[in-house]
2 protein chains.
Amino acid sequence: MAGKEGNLPAAMRLGHDHARCIEEAMTLAAELCARRGARLTELRRAVLEFVWQSHAPLGAYAILDMLSAEGRKPMPPTVYRALDFLLQQKLIHRIASLNAYIGCIDPGRPHSGQHLICRLCGTVAEVDEEAISGAIAASARDLQFSVEHQTVEVTGICVNCVPD
Amino acid sequence: MAGKEGNLPAAMRLGHDHARCIEEAMTLAAELCARRGARLTELRRAVLEFVWQSHAPLGAYAILDMLSAEGRKPMPPTVYRALDFLLQQKLIHRIASLNAYIGCIDPGRPHSGQHLICRLCGTVAEVDEEAISGAIAASARDLQFSVEHQTVEVTGICVNCVPD
DNA sequence: AATTAGTACGTTATAATATAACATAATCAC
DNA sequence: GTGATTATGTTATATTATAACGTACTAATT
């Protein structure tokens with residue numbers, strides 16, 4: 001057996017090399033923006049890096065505070081504009097049920113991710129299951145509903161927060 | 001062929017008898033609360049009825065305004081408490097992506113509903129597809145994630161808002 | 001390197017959503 | 001009816017988000 005961490009997403013593997021998560025996310029973001037002619041400015045880079053500091057989503061005002069602590073003193077619109085840019089570039093997701101933002105684990109590929117949110121540790125794991133998105137698409141088709149965006153947010157207790 | 005309104009949920013059938021939607025919802029709510037020993041007070045009843053005025057979700061402050069127009073002059077906590085009660089009794093759902101509230105179409109049966117939200121007319125149709133909730137449950141099981149709540153909100157264009 | 005068009009950011013103010021904390025009133029169980 | 005419980009009223013404030021307008025930076029072209 002591979003143990004309980006066998007095939008889990010990084011977010012739910014306690015000992016994972018998170019510095020590498022951040023580094024990969026930042027490198028990929030830079031590449032994608034360059035390819036798209038989108039400007040990943042210092043501010044936007046800083047916001048994205050803060051969002052990636054953990055696998056728990058971060059609120060806009062938490063980001064504001066972190067930027068303030070760094071010496072910048074941005075006002076809310078500045079942060080929201082950076083977040084809007086990152087959302088447009090699909091570098092982050094907004095978690096509607098938490099009013100907070102989290103890094104996208106696979107910004108290069110078009111996808112409608114699903115998020116598993118641990119109520120105890122706050123960790124959010126993104127998965128992309130065709131079985132889920134396909135079932136939603138099929139149900140919408142039955143109703144002749146033209147889907148633009150799927151929000152799937154599953155709240156519960158992650159493997160690290162339940163007794164074995 | 002039954003036409004485009006063949007098997008659609010009431011929310012998406014333009015000519016449906018909405019007075020009956022309201023009446024059935026209110027009757028069922030009264031029955032369920034009685035059965036559970038929960039107090040469906042006048043205020044809570046009024047809030048539920050406002051939520052059911054249409055198949056588009058209603059914000060807390062819109063409800064506040066409607067109560068004010070009726071002569072009551074409640075403050076926000078009063079409305080939020082009524083909404084909390086209705087949420088606990090599963091008589092309404094909160095649509096996280098809209099910060100708004102909508103009547104539950106089947107409060108008697110335990111279920112995790114999915115919501116299709118039309119970006120144009122605001123109508124929200126609730127469906128309960130085992131294929132969707134099952135796929136989510138299966139994915140969570142893979143990750144040893146214990147699910148407490150599923151939020152599925154699908155944004156797009158409903159059948160009444162697209163050209164034929 | 002100046003011009004300019006477009007984009008990004010700064011700043012002020014305020015809107016929209018939600019809750020904490022405590023007081024009063026209604027209802028229920030006995 | 002008395003006391004316990006639940007519901008609502010009230011004041012104040014927290015949290016999340018955006019409108020509107022001004023300034024500065026960037027990139028492309030001359």
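Just so it is clear, the structure is predicted and the values come from calculations on it, not from any experiment. Every chain is numbered from 1, with letters handed out A, B, ... down the list of sequences. We use all heavy atoms of the structure for the numbers below, so side chains are in, but hydrogens, waters and symmetry mates are not.
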K.L.:
Within this structure, what is the NZ-to-C1' distance between B:Lys73 and D:dT10, rounded to whole angstrom?
P.N.:
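It is 16 Å, rounded to the nearest whole Å.
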
K.L.:
Could you state the atom-to-atom distance from CD1 of A:Ile63 to P of C:dC9 in whole Å?
P.N.:
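From A:Ile63 CD1 to C:dC9 P: 14 Å.
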
K.L.:
Just by modelled atom types, is the B:Arg94 backbone N or O under 3.5 Å from a matching donor or acceptor in the B:His115 side chain?
P.N.:
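Not at all, since once roles are kept as given, no pair shorter than 3.5 Å links the two residues.
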
K.L.:
Is it the case that the side chain of A:Asn160 and the backbone of A:Met12 share a donor-acceptor pair, with hydrogens and angles ignored and the cut-off at 3.5 Å?
P.N.:
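Confirmed, A:Asn160 side chain pairs with A:Met12 backbone.
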
K.L.:
Okay, side chain of A:His16, backbone of A:Ala10: is any donor-acceptor separation there less than 3.5 Å?
P.N.:
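At least one qualifying donor-acceptor pair exists.
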
K.L.:
Quick one: B:Leu43 CG to C:dA25 P, roughly how many Å, whole number?
P.N.:
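Answer to the nearest Å: 17 Å.
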
K.L.:
B:Ser139 side chain to B:Ala135 main-chain N or O, any donor-acceptor pair under 3.5 Å?
P.N.:
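Checked: no pair found.
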
K.L.:
Less than 4.5 Å apart, any side-chain heavy atom of A:Ile95 and any of A:Glu153?
P.N.:
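Of all side-chain heavy-atom pairs linking A:Glu153 with A:Ile95, at least one is under 4.5 Å.
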
K.L.:
Any side-chain N or O of A:Arg39 below 4.0 angstrom from OP1/OP2 of D:dC25?
P.N.:
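The answer is no; no side-chain N or O of A:Arg39 sits under 4.0 Å from OP1 or OP2.
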
K.L.:
D:dT8 P sits how many Å from B:Leu64 CG, rounded?
P.N.:
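Rounded to whole Å, this separation is 15 Å.
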
K.L.:
Strictly below 4.0 Å: does B:Thr41 bring a side-chain N or O up to OP1 or OP2 of C:dA26?
P.N.:
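No, outside the criterion.
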
K.L.:
Kindly say if B:Thr78 contacts the phosphate of D:dT8, meaning a side-chain N or O under 4.0 Å from OP1 or OP2.
P.N.:
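No, because none of the side-chain N or O atoms of B:Thr78 sits under 4.0 Å from OP1 or OP2 of D:dT8.
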
K.L.:
Measure the distance from CZ on B:Phe85 to P on C:dA26 and round it to the nearest whole Å.
P.N.:
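After rounding, the gap between these two atoms is 19 Å.
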
K.L.:
Calculate the interatomic distance between B:Leu40 atom CG and C:dT27 atom C1'; express it in whole Å.
P.N.:
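The distance from CG of B:Leu40 to C1' of C:dT27 comes to 15 Å, rounded to the nearest Å.
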
K.L.:
Does CZ belonging to A:Arg20 count more than 12 external heavy atoms closer than 6.0 Å?
P.N.:
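Counting neighbours around CZ of A:Arg20, 12 or fewer heavy atoms of other residues, nucleotides or ligands fall under 6.0 Å, so no.
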
K.L.:
Rounded to whole angstrom units, what separation is found between the CZ atom of B:Arg36 and the P atom of D:dT6?
P.N.:
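Result: 17 Å.
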
K.L.:
Across nucleotides 11-22 of chain D, 5' to 3', mark each nucleotide with B, S or - according to how protein heavy atoms within less than 4.0 Å reach it.
P.N.:
B----BBBBB--

K.L.:
Let me know which of A:Glu126, A:Glu130, A:Gln150, A:Lys90 forms a side chain to side chain donor-acceptor pair (under 3.5 Å) with A:His111.
P.N.:
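Result: among A:Glu126, A:Glu130, A:Gln150, A:Lys90, A:Glu126 is the only option passing the side chain to side chain donor-acceptor pair (under 3.5 Å) with A:His111.
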
K.L.:
Could you tell me how far apart B:Glu42 (CD) and C:dA25 (C1') are, to the nearest whole angstrom?
P.N.:
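After rounding, the reported distance stands at 17 Å.
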
